[in-house]
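In what follows, chains carry the letters A, B, and so on, assigned in the order in which the sequence lines appear, proteins first and then strands, with residues in each chain numbered from 1.
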2 protein chains.
Amino acid sequence: MDFEQADALNQAIRLLSLRHRARAAALLAPLGLHPGQEALLLELARTGPAIQSQLSEALGCEPPSVTLMTRKLEAGGHIRRRPAPSDRRASIVELTDSGRALADQVKHLWCALAEETVAGLPAETVAELPGILTTLTGNVDTRRSRRLQGDSAV
Amino acid sequence: MDFEQADALNQAIRLLSLRHRARAAALLAPLGLHPGQEALLLELARTGPAIQSQLSEALGCEPPSVTLMTRKLEAGGHIRRRPAPSDRRASIVELTDSGRALADQVKHLWCALAEETVAGLPAETVAELPGILTTLTGNVDTRRSRRLQGDSAV
DNA sequence: ACAGATCAGTTATGCGCATAACTATTATCC
DNA sequence: GGATAATAGTTATGCGCATAACTGATCTGT
């Protein structure tokens, strides 16, 4: 691949990151959320209570980030933490009623954002887009390869 | 669009952002660069000396970010700043010899990253990917709409 | 020609996410 | 069963990028 094409692709990904995040921030701000927090709420809404290491895995971010996210959402009254009965190291995180209501609002925003994002693209392209993006992500996912290395090393 | 699809898309964009940036960071680290700085070097390599507001526009980030980026790259000896002769407010930013050499290295990394990113995708998909991503970016670009509003208001 | 608006750039501050280093608990293996 | 390794989580710190508020220079309109 020549540099022109490579740069077009890398730059496009970089700009999409910045703009999509900025747009998400603008939409989430009225709910009192910052981007990143919505992912935690949606994950809890999807799978129910979870410990932080599971959230870290699901959200694709590191444990210290989860610590901060949970702390802020807890301060906002949207989630609750309680000790895990079977493991005194772990905390179980779950939605409060307020958090569930907030998650529902986020879902609507999320649909609006997705529709806004793919406006003007043929339906066929839109349909295959998540798969393409997931492939790209997998190709550069040092987290996954790190974990596989760890697994195989055992 | 239902929530499942919307979430798949938004989540895919979010994860791609995190992972692509992380991978870029890993590749750039040996050169002593942090992600974001490479874009400035490449822009200067592409278009020659420019003032910071042009860089801000080209990189899609805000002026304070450019201030910090230029300061760090200047401290590293990769760029140089001199006052613009025709406008005493502006600084002209340009590559040093070291910066030009570094930009060439970055170009190679950039090609490698792009190839790694699109591995396993059909060539046809790869060819239209930059266009698709640019469309997505345009759809959520609050910067552009902000600027257009400003223009039309005059 | 001069007052007011616009523009280039900086400083201060805040958020998200990362890594490194640490504590406390649990699992493993001789 | 007791040393050792692995795991859950936290704190400290640093980077990128954002907004808000500011200074100084340039442009505009009357």
Side-chain angles (χ1 to χ4, degrees), chain A residues 14-15 17-26 28-29 32-40 50-57 59-76 81-93 142-143 146-147 150-151 153-154, chain B residues 14-15 17-26 28-29 32-40 50-57 59-76 81-93 142-143 146-147 150-151 153-154:
Chain A
R14 177 176 178 273
L15 278 180
S17 302
L18 286 174
R19 296 289 152 255
H20 187 265
R21 183 184 186 83
R23 185 71 185 123
L28 292 169
L33 291 176
H34 292 276
Q37 301 179 343
E38 88 289 344
L40 204 157
I51 70 172
Q52 294 183 202
S53 69
Q54 293 170 329
L55 294 173
S56 163
E57 181 70 20
L59 303 185
C61 60
E62 300 295 325
S65 302
V66 176
T67 294
L68 294 180
M69 294 163 75
T70 53
R71 183 174 304 166
K72 296 193 177 179
L73 287 170
E74 187 178 32
R81 297 153 100 183
R82 57 181 161 87
S86 63
D87 189 338
R88 270 184 297 179
R89 297 169 299 180
S91 306
I92 295 179
V93 181
T142 50
R143 254 172 150 252
R146 193 204 305 167
R147 202 187 58 214
D151 288 356
V154 173
Chain B
R14 177 176 177 273
L15 278 180
S17 302
L18 287 175
R19 297 288 152 254
H20 187 264
R21 183 183 185 83
R23 185 70 185 125
L28 292 169
L33 291 177
H34 291 276
Q37 301 179 343
E38 89 289 344
L40 203 157
I51 71 172
Q52 293 182 203
S53 69
Q54 291 170 331
L55 293 173
S56 164
E57 181 69 21
L59 303 186
C61 60
E62 300 296 325
S65 302
V66 175
T67 294
L68 294 180
M69 294 164 74
T70 54
R71 183 175 302 166
K72 297 195 176 179
L73 287 170
E74 186 178 31
R81 298 153 100 185
R82 57 182 161 85
S86 62
D87 188 338
R88 271 183 297 178
R89 296 170 299 179
S91 306
I92 294 180
V93 181
T142 49
R143 259 175 147 249
R146 193 204 307 167
R147 202 185 59 216
D151 289 359
V154 174

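- Not one side-chain nitrogen or oxygen of A/T67 sits closer than 4.0 Å to the OP1 or OP2 atom of D/dG9.
- Between A/Q52 and D/dT10 there is a side-chain polar atom (N or O) within less than 4.0 angstrom of OP1 or OP2.
- In this structure, the CG atom of A/L33 is 13 Å from the C1' atom of C/dC15, given to the nearest Å.
- Rounded to an integer number of Å, the gap from CZ of A/R82 to P of D/dG9 is 13 Å.
- Side-chain proximity of A/K72 to the nucleotides D/dA25, C/dT11, C/dG16 is greatest for C/dG16.
- In this structure, B/R21 contributes its side chain and B/G36 its backbone to no donor-acceptor pair below 3.5 Å.
- In this structure, A/L40 atom CG and C/dG16 atom C1' are separated by 13 Å, rounded to whole Å.
- In this structure, B/R21 atom CZ and D/dC17 atom C1' are separated by 8 Å, rounded to whole Å.
- Proximity of a side-chain donor or acceptor of B/S91 to a complementary backbone N or O of B/P83 within less than 3.5 Å is not detected.
- In the set D/dT10, D/dT26, C/dG16, the nucleotide with an atom closest to the side chain of A/P64 is D/dT10.
- Although no hydrogens or angles enter the test, the distance criterion places a donor-acceptor pair under 3.5 Å between the side chain of A/T70 and the main chain of A/V66.
- Taking 3.5 Å as the limit, the base of D/dT7 and the side chain of A/R89 contain a donor-acceptor pair of atoms between them.
- Of all nucleotides listed (C/dC17, D/dG16, D/dC17), C/dC17 comes nearest to the side chain of A/C61.
- Along DNA chain C, the nucleotide nearest A/H34 and the nucleotide nearest B/D87 are compared for position; the residue whose nucleotide lies closer to the 5' end is B/D87.
- Between A/R14 and D/dC17 there is a side-chain N or O to OP1 or OP2 distance below 4.0 Å.
- Atom pair A/E62:CD and C/dA20:C1' shows a separation of 12 Å (rounding to whole Å applied).
- In this structure a side-chain-to-backbone donor-acceptor pair under 3.5 Å is present from B/R14 to A/L59.
- Taking 4.0 angstrom as the limit, B/R88 places a side-chain polar atom (N or O) nearer than this to OP1 or OP2 of D/dT26.
- Regarding B/M69, its CE atom lies at a distance of 14 Å from the P atom of C/dG9, rounded to whole Å.
- When rounded to the nearest whole Å, the span between CZ of A/R71 and C1' of C/dC15 equals 14 Å.
- Residue B/R19 places no side-chain N or O under 4.0 Å from the OP1 or OP2 atom of C/dC17.
- Nucleotide C/dC17 holds its P atom 6 Å from the CG atom of B/L18, rounded to whole Å.
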